[in-house]
Structure formats: C-alpha cells, structure tokens
Amino acid sequence: MTFNNTTIEYRVTLDTELNLFIVFLKDDETKMATGTTIQNAVHELQKIA
C-alpha cells in the first residue's frame with residue numbers, strides 16, 4: 001500500500017519473521033527504513049529522504 005504524509009509518499013510492508021515494518025520511499029525504493037511501528041519506520045525514512 002502507498003501512503004503519504006505532509007512531506008513524503010511511502011510504501012509499507014511487514015516482515016513477519018522479524019516483526020518489523022519496512023517503509024520504502026515511493027519515488028526511490030532504494031531508500032528504506034525499518035521500525036517496530038509504522039510511525040517509527042516513517043520517522044527514520046524522513047531522516048534519509
């Protein structure tokens with residue numbers, strides 16, 4: 001699924017083996033971040049986007 005907030009658009013996946021959310025930048029999927037919650041992952045993605 002693709003989501004957006006006020007600054008970036010991103011795609012979210014869940015790694016069920018590691019119990020981590022993975023978010024990818026919509027326009028550049030080489031930029032990604034992980035977190036235990038979607039909000040944590042998005043926050044980390046905003047740092048590198």
Side-chain angles (χ1 to χ4, degrees):
M1 298 177 75
T2 301
F3 300 91
N4 61 39
N5 64 18
T6 57
T7 58
I8 62 173
E9 290 188 357
Y10 54 92
R11 185 173 59 88
V12 177
T13 61
L14 174 62
D15 184 330
T16 55
E17 290 184 18
L18 299 175
N19 291 324
L20 286 175
F21 288 96
I22 306 168
V23 293
F24 298 91
L25 195 59
K26 181 184 174 196
D27 297 330
D28 183 2
E29 292 201 4
T30 61
K31 294 185 180 176
M32 60 170 274
T34 61
T36 55
T37 66
I38 293 174
Q39 293 84 3
N40 287 350
V42 170
H43 180 72
E44 292 300 316
L45 184 63
Q46 287 175 323
K47 290 180 183 178
I48 62 172

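Values below: every heavy atom of this structure, side chains too, minus hydrogens, waters and symmetry copies. Since the model is a prediction, treat every value here as computed from it, not as a measurement. Residue numbers run from 1 in the order of the sequence given.
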Report summary line: Of all heavy-atom pairs linking A41 and A33, the shortest is O-CB, 3.5 Å
Report task. Quick one: which residue pairs count as a salt bridge (Lys or Arg N to Asp or Glu O under 4.0 Å) with a foot in residues 14-25, not counting sequence neighbours? Result -> none
Requested in this report: Any chance you could measure L25, atom CG, to I48, atom CD1, to the nearest 0.5 Å?
Outcome: 8.0 Å
Report summary line: Separation between OG1 (T34) and CG (N40), nearest 0.5 Å, reads 9.5 Å
Query raised in the report: What residues, two or more places apart in sequence or in another chain, satisfy salt bridge (Lys or Arg N to Asp or Glu O under 4.0 Å) together with E29?
Result: R11
Report task. Scan for salt bridge (Lys or Arg N to Asp or Glu O under 4.0 Å) pairs involving residues 30-39, sequence neighbours excluded, and state none if there are none. Result -> none
Query raised in the report: Under a 4.5 Å cut-off applied to non-hydrogen side-chain atoms, are V42 and Y10 in contact?
Result: yes
Query - In one Ile/Leu/Val/Met/Phe/Trp/Tyr side-chain cluster, 4.5 Å: L14, I38 - result: yes
**Report entry** Of T30, T13, L45, the residue whose pairing with F24 passes side-chain contact (heavy atoms from CB on, under 4.5 Å)
**Finding:** T13
Query raised in the report: Is there side-chain contact between T36 and L20, with heavy atoms separated by less than 4.5 Å?
Result: yes
Query raised in the report: Should M32 and V23 count as side-chain neighbours, where that means a heavy-atom distance under 4.5 Å?
Result: no
